[in-house]
Structures are given as structure tokens and as C-alpha cells.
Asker: 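Below is one structure. I have some questions about it.
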Amino acid sequence: MITDIESSNCALPVATPHGEFLAWYSEKGLCALRFPSTAKHSKQTRPVPPKIRRWHAATNAALKSALKGQNGKALPPLDLSAGTEFQRRVWGALLKIARGRTLSYAEVAKAVGKPKAVRAVGGACGANPIPVFVPCHRVVAANERLGGFSGGLDWKRALLKREGIRLPD
DNA sequence: TAAGTGCGTCGTT
DNA sequence: AACGACGCACTTA
């Protein structure tokens, strides 16, 4: 089947109290979520297929809920097919971390059956295309510290705090 | 205790 | 071949 990337992918804004996120959709579902940035978003002119409109409604509700630290509304389908085998294993493990819980990078490495691939897990977290929904912010360093966050550590702190997680000063 | 160094380890580019 | 969102052992002050 021929797939036209230009016509099948689209980006839609999600207005939240913390700024305007940008949600990207493929034919398979939500494929990327970006934190608010100062850059202007190009306006979506092309008509949005009904399927994607439904997904976007789910994204809207789920993101606003998640930013309040509340329990999961239904997520849209997540298209994580762009990742490597290893990355998808890691992202799958992240999806199992319950709200308000955390795992260390080493624990995630064990969970995917590669206990020594600790740094590689960090890399996979950094490559997570759908932050918040794929909760890479719930992965922290073993030394009781925060670890890193590609979206900025302020976001990581805020997300964890809203889930009721105590952080070391 | 706190802060800094060195190195094993492995997926990704 | 080089680089990390790591972890651990081991200095220093």
C-alpha cells in the first residue's frame, strides 16, 4: 500500500494551563508529543480526518488530566513503531509504571532483561517520542536523585510532584 | 558528608 | 569509534 506521509501525518495543538503542546499523528495513532515551546506552530490547513479528530479528543482529555496528576483517562492509540526493538521494549516497560511510582534506570534495565544496559536505557528514555503518556519522567537515578529529562528537568520535577512523589531537595 | 574521578557496560549514530 | 537522562567503587576535603 502506498502511504503519503505528507497527507497522513498532521500536528494539532493541545491547549493546557501550562502552555500549548503539539500532538503529531500518523496513520496508526499518536506518534509524538512536544512540550510547549516558544516557536510558533504552523497552522493546520489540511482537513483533519475524523479518525484523527477522535484520537485528538482523547489526547486533549488525557493530557489535561495527566498534567493535574490525575488517574489515566483513555489514551489515544500510541504509534511507537518508529523506535528500535530495544527502545520499544523500554517504552513498553515505562507504560507499566503506575502513576505515583518510580523505577531507577537499573530497574528498567532489569525489567527488559538487559540488566547491564543501564546507560542504554537512559538513551531510550531520551528518545521517547511521547513524554507524559509514556512516563519516562518516572525513571529516576539510583542515587535518589532525579536523573535527566530531555524536556527539561523542571518538567520532570513538576510531573513527579503532581503525582505526589517526594523528591530529595 | 559532599564532591569529584575512573571505569564497566551497551544501544545508537 | 565516540557518546550518553547510569551505577558503583574509590578518592579527597
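Letters A, B, ... are given to chains in the order of the sequence lines, protein chains preceding strands, and every chain is numbered from 1. Heavy atoms only: backbone and side chains are in, while hydrogens, waters and symmetry mates are out.
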Asker: Atom CZ of A:Arg88 and atom C1' of B:dG11: how far apart are they, to the nearest Å?
Answerer: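 Value for this atom pair: 14 Å.
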Asker: What is the minimum heavy-atom distance between A:Ala124 and A:Trp91, and which atoms define it?
Answerer: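 Scanning both residues completely, I find the closest heavy atoms to be O-NE1, 2.9 Å.
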Asker: Output the rounded distance in Å from CZ (A:Arg89) to P (B:dG11).
Answerer: 9 Å
Asker: State which of C:dC8, B:dT9, C:dA5 makes the closest approach to the side chain of A:Tyr105.
Answerer: C:dA5
Asker: Once you measure the plane-to-plane angle for A:His18 and A:Trp155, does it fall in the parallel (<30°), tilted (30-60°) or perpendicular (>60°) bin?
Answerer: perpendicular
Asker: So if I take every side-chain heavy atom of A:Gln87 and compare against C:dA5, B:dC10, B:dT12, which nucleotide ends up nearest?
Answerer: B:dT12
Asker: Look at A:Lys114 and B:dG11 and indicate whether a side-chain polar atom (N or O) is within less than 4.0 Å of OP1 or OP2.
Answerer: yes
Asker: CG of A:Asn128 versus P of B:dG11: gap in Å, rounded?
Answerer: 19 Å
Asker: My understanding is that a pair needs two contacts under 3.5 Å, Watson-Crick or G-U wobble. By that rule, which nucleotide pairs with B:dT9?
Answerer: none
Asker: Heavy atoms under 4.0 Å, any strand shown: does A:Gly123 hit a base, just sugar-phosphate, or nothing?
Answerer: nothing
Asker: Tell whether A:Arg119 reaches the base of B:dG8 with its side chain through a donor-acceptor pair below 3.5 angstrom.
Answerer: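 Answer is yes: a donor-acceptor pair is held.
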Asker: Once you round it to whole Å, what is the distance between C1' of C:dA5 and CG of A:Leu94?
Answerer: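 Whole-Å distance recorded here is 12 Å.
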Asker: Separation of A:Asn143 atom CG from C:dA5 atom C1', in whole Å?
Answerer: 12 Å
Asker: If the threshold is 4.0 Å, N to carboxylate O, is there a salt bridge linking A:Arg101 and A:Glu163?
Answerer: no
Asker: Give the rounded distance in Å between these two atoms: NZ of A:Lys110 and C1' of B:dC10.
Answerer: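 Atom NZ in A:Lys110 sits about 17 Å away from atom C1' in B:dC10.
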Asker: I need the minimum non-hydrogen distance between A:Ser81 and A:Arg88, along with the two atoms involved.
Answerer: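 Looking at all heavy atoms of both residues, the shortest contact is O-NH1, 3.7 Å.
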Asker: Report the base-pairing partner of C:dA5 (Watson-Crick or G-U wobble, both distances below 3.5 angstrom), or none.
Answerer: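 C:dA5 is paired with nothing.
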Asker: Rounded to whole Å, how long is the line connecting atom CD of A:Glu144 with atom P of B:dT1?
Answerer: 14 Å
Asker: With the side chain of A:Ala106 defined as its heavy atoms from C-beta on, choose the nearest nucleotide among B:dG11, B:dC10, C:dG7.
Answerer: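 When the side chain of A:Ala106 is considered, C:dG7 is the closest of B:dG11, B:dC10, C:dG7.
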Asker: Using a cut-off of 4.0 Å on non-hydrogen atoms, how would the nucleic acid contact of A:Phe86 be classed: base, sugar-phosphate, or nothing?
Answerer: sugar-phosphate
Asker: Taking the side chain of A:Thr84 as its heavy atoms from C-beta onward, which of B:dC10, C:dA5, B:dT12 lies nearest to it?
Answerer: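 Selected nucleotide: B:dT12.
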Asker: From the set C:dA5, B:dC10, C:dG7, return the single nucleotide nearest to any side-chain atom of A:Val118.
Answerer: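 Of the candidates, C:dG7 comes closest.
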Asker: Would you tell me whether A:Ser26 and A:Asn9 have side-chain atoms, one donor and one acceptor, within less than 3.5 Å of each other?
Answerer: no
